[in-house]
Amino acid sequence: MASPAPEPQRYDFAAAEPRWQREWEARGCFRVADSPADGRRKYYVLEMFPYPSGRIHMGHVRNYTLGDVVARYQRARGAAVLHPMGWDAFGLPAENAARERGIHPARWTYDNIATMRGELQRMGLSIEWAREFATCDPSYYRHQQALFLDFLKAGLVERREAWVNWDPVDHTVLANEQVIDGRGWRSGAPVEKKLLSQWFLKITRFAPDLLAALETLERWPERVRVMQEKWIGRSEGARVRFPLAAPKADIAEIEVYTTRPDTLYGMSFLALAPEHPLAAALAAENPEIAAFIAECRRLGTSEAVIETAEKRGFDTGLRVRHPFLPEQSFPVWIANFVLMEYGTGAIFGCPAHDQRDLDFARKYRLPVRPVVLPAEADAATFAIAETAYDGPGVVFNSGFLDGLAADAAKRAAISELERCGLGAGVVNWRLRDWGVSRQRYWGCPIPVIHCEACGVVPARDLPVLLPDDVSFDRPGNPLDHHPTWKHIPCPECGRPARRETDTFDTFVDSSWYFARFCSPRAEMPVAPEAARHWLPVDQYIGGIEHAILHLLYSRFFTRAMHETGHLAIDEPFAGLFTQGMVTHASYRGADGRWLYPDEVETLADGTARHRETGEAASVGRVEAMSKSKRNTVDPGAIIARFGADTARWFILADNPPERDMEWTESGVQGAFRFIQRLYRLVADIAAEEAAERGPEAPESFSPEARALRQATHRAIAAVTEALESFGFNVAVARIHELANALAEAPSGAEADLRVTRREAAITLARLIAPMMPHLAEELQTLLDPEAGLIADQAWPEADPALLLRDQVIFAVQVMGKLRGTVALPPGSAEAVVAAQAKAEPNVAKALAGKRVVKQIFVPDRIINFVIAAD
RNA sequence: GCGGACGUGGCGGAACAGGUAGACGCAGCAGACUUAAAAUCUGCUUUCCGUUUCGGAAGUGCGGGUUCGAUUCCCGCCGUCCGCACCA
């Protein structure tokens, strides 16, 4: 479609938008001090900062529009608003660009940042660009290195061996999500499990607090809190030690973790994870066991998803004694369904009361012995078939536990274990420490030095800079291959030593950027007064995909920074809002390949065809925008054609922001039309004022003028309420209503009407300002060129007197069914309403010949007549 | 399998705290303006029934319940989406 041609009386967004953007910037409208002293309430709005991939996409547009509405609204409400922007700039794509196209990662990254900054600026966001930084700036990551060394000193960091996914071709560690069907996502080579020394941040130390504090995060979505709760995964149970009947390879006992110590008498076997140290010891001397373990490992990576249910085991021949049944012994199996990562990597199997154990026992014909009796069951006949019983009940067949309810039996079993020294009650967590080592170049160097004599020595003279002269012609970590970089004398003893060549997981970078924004140029990670003033973030906005990792890591970092004296708070984000995705219809040509929306035209009957070839196209599902499906829409092109305000308005108007929205051409057109209509409407009013310079405020208002004034003030109240609760689509609807009311208002020249129309017009400008800031400035300038910037002005206040209605419409019901309405002044008495209602012909008809036995009256709302059944 | 969310016209959605369901917009239809188109403006637009003005019936995934009155509260199903996925 053609670009909208600028005409007289038509809003020329292409000229206006850059003009206002320059004006805001020149006047420093969005600047705040690190430690302000002007007495204004503070409000910190933050959207998740972008990865500089090259261009912004519609998800960014939605994210930053939402944040900007909040920021501009809060500023109008009198807050000093901190609204910064930066770049999550380290990461693998920059290295891939270097490998594929020979561009240096730094060059690629900073070029992308320049492009994307320009795109964001064209959106007209109320961002304080003076605070901008990228996480790959040495001036940022030097402080990250300092924080790490402080954490190290405080015992929040640990170096230990861990199993990792190792890509043998690329010579790098892969994250779990980079392993696809057991193969490296880039190389396609089968991934190996490798034991490597890794740096860990001890997030588990805060597990109890990270869990407990979730309750205090009242302005977080419930589902995010639930997801974090599950991820942290607290469970109460017991550790129980089972002595081996005959010690094996220096191992005399096996420790298991269980949440069901009350079912210990129902034990029928013990099972080890394939990675359990005892299993490894056995494998060393038994090839069959070694083969079984290898088989488990293979299945564990590649076919786990497909062959979920199949349980397999191997009887080691070892036997263990039972803490409560010293005369009995039980077999020790290795089983593929036991996880080394959880608990102790070993379980005791109680088939009667655990489905997995039951499946296993049935397969290998192991005994099933019920020990918990459901309420109505009979101990003599109760038996387990194919479903384990995990409900409540009374313990039986269990020696000293007999007759106790399950909860009491758990406590009794634990005390007995503790008394005889074979176990203890423990709380177990699913959360594991955070491995932050990555064998990559484009990341923040981990600032330590390895010395043969002194061990791990903290680097001095931060930052430890990345070398520029790196080569990507070999697989593996360029830092490790660099001819000189890693060689350095030990800071302690001066002998030759070696730098750590691993860099940090990029989640580290994003775990504290919100704090750095408070004082982005400080000579320490965060200036204390700035942090005290601005933190926590009042409103954080971003995608649900970060519900767990990024948000949990940031919560951990805040605690760790508190403990090391950098911050005085524990929770970084007081309010969290998670937005939905931007989706778009997808199209495929006759040959099945994806088509761009621009290539397709949709016909009246709903079918589609190729714009040029005319071949039929199938309309696919509405899906998240993705390059591979070719259903993306470029924000830059939209802004060029329709302006930033159109894009912002459509995004806000379409639906509630937490849901997925569908990007449609007609929706954009609708938004564009509304902007033009509003402009014409206000321009007409402005023109009439200019001809006859401002009428005096009239003594009284005609009913028509009063009606428009009421509409104006109702809109103020409704839009305010909607913006407070992220109801942007509702705010848009209320603004439409006010525009409609103004358009329909009588156009007489009487002073009261002119004043009232002008009030409505200026109110419209103020109400749209957070959402369409450029148009708002333009409209206000039309109405009053002397008024200054809307960006500096206060939010309008509704006059309570004008929110009262002159008349309310009562619904009149007979037996709960609507039979008519009556209009009466608010506060009318029940008797008055009843009389008036009964006089309505249609109501009278419904009541004719009936006896009213009851009358329900809700003031200013309804009156309902209940009539006798006959 | 477990956990969570959701289900309202052709579509996106609105409905304070149980009180006139469908605001507002998109799409569509009809009309005005125009040589014509675009733009703009006006009207209609949940379904069904009745001769219209107007009135009636049904209707918020399905089936029950509480209530004078249920999109809203309770019970049981069905469906969609998301998260976790052998967590002992």
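Note on naming: letters A, B, ... go to the chains in the order of the sequence lines (proteins, then strands), and numbering restarts at 1 for each one.
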When the [atom1] atoms of [N] and [M] are considered, how many whole Å apart are they?
| N | M | atom1 | answer |
| --- | --- | --- | --- |
| A38(B) | C33(B) | P | 15 Å |
| U60(B) | C6(B) | C1' | 14 Å |
| C2(B) | G69(B) | P | 37 Å |
| C78(B) | A85(B) | P | 26 Å |
| A30(B) | G79(B) | P | 41 Å |
| G22(B) | A14(B) | P | 15 Å |
| G31(B) | G63(B) | C1' | 47 Å |
| C54(B) | G4(B) | C1' | 49 Å |

**Fill in**
Read 5' to 3' with Watson-Crick or G-U pairs under 3.5 Å, [ ] for crossing pairs and | for partners on another strand, RNA chain B gives (((((((..(((......[....))).(((((.......))))).(((((...)))))..(((((..]....))))))))))))....
Closest nucleotide among [options] to the [X] side chain:
| X | options | value |
| --- | --- | --- |
| V858(A) | G19(B), G4(B), U20(B) | G19(B) |
| R680(A) | U40(B), A14(B), G55(B) | U40(B) |
| R430(A) | A88(B), A85(B), U20(B) | A85(B) |
| N842(A) | U20(B), G55(B), A88(B) | G55(B) |

**Request:** Kindly give the heavy-atom pair with the smallest separation between W663(A) and V582(A), and that separation in Å.
**Result:**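 Reported closest heavy-atom pair: CB-CG1, 4.1 Å.
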**Message:** Under a 4.0 Å threshold between the charged nitrogen and the carboxylate oxygen, would R362(A) count as salt-bridged to E386(A)?
**Reply:**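 Salt bridge between E386(A) and R362(A), a charged N being under 4.0 Å from a carboxylate O: yes.
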**Prompt:** Going by heavy atoms closer than 4.0 Å, what residues in residues 337-345 of chain A are next to RNA chain B?
**Reply:**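 F337(A), V338(A), L339(A), Y342(A), in order of number.
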**Prompt:** Which ones in residues 733-745 of chain A lie close to RNA chain B, meaning a heavy atom under 4.0 Å from one of its atoms?
**Reply:**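 Contacts with RNA chain B under 4.0 Å: A733(A), R734(A), H736(A), E737(A), N740(A).
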Can you name the atoms? Protein N/O to nucleotides 8-13 of chain B N/O, anything below 3.5 Å, with the distance.
unit_1, atom_1, unit_2, atom_2, d
G12(B), O2', D654(A), O, 2.6
G13(B), O3', N729(A), ND2, 3.4

**Prompt:** Distance check: side-chain N/O of R10(A) vs OP1/OP2 of A38(B), anything under 4.0 Å?
**Reply:**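 Checking A38(B) against R10(A), no side-chain N or O comes under 4.0 Å of OP1 or OP2.
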**Message:** Looking at G56(B), I'd like to know if its phosphate oxygens (OP1 or OP2) sit under 4.0 Å from a side-chain N or O belonging to R819(A).
**Reply:**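 Yes.
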**Prompt:** Given atom CD1 of I544(A) and atom P of C6(B), what is their separation to the nearest angstrom?
**Reply:**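 Interatomic distance, CD1 of I544(A) to P of C6(B): 13 Å.
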**Prompt:** For G9(B), does the O4'-C1'-N9-C4 (purine) or O4'-C1'-N1-C2 (pyrimidine) torsion place it in syn, i.e. within 90° of 0, or in anti?
**Reply:**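 Here the answer is syn: the torsion falls within 90° of 0.
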Do any N or O atoms of the protein come closer than 3.5 Å to N or O atoms of nucleotides 65-73 of chain B, and which pairs are they?
unit_1, atom_1, unit_2, atom_2, d
C68(B), O2, N864(A), ND2, 2.3

**Item:** Under 3.5 Å donor-acceptor, H322(A) side chain and L264(A) backbone
**Value:**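 It does hold such a pair.
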**side chain to side chain contact (heavy atoms under 4.5 Å, CB included) partners of S398(A), counting only residues at least two apart** =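 Side chain to side chain contact (heavy atoms under 4.5 Å, CB included) check on S398(A) returns Y265(A), V371(A), V395(A), L401(A), D402(A).
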**Message:** What's I548(A) touching, base or sugar-phosphate or nothing? Going by heavy atoms closer than 4.0 Å.
**Reply:**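 Nothing, no heavy atom under 4.0 Å.
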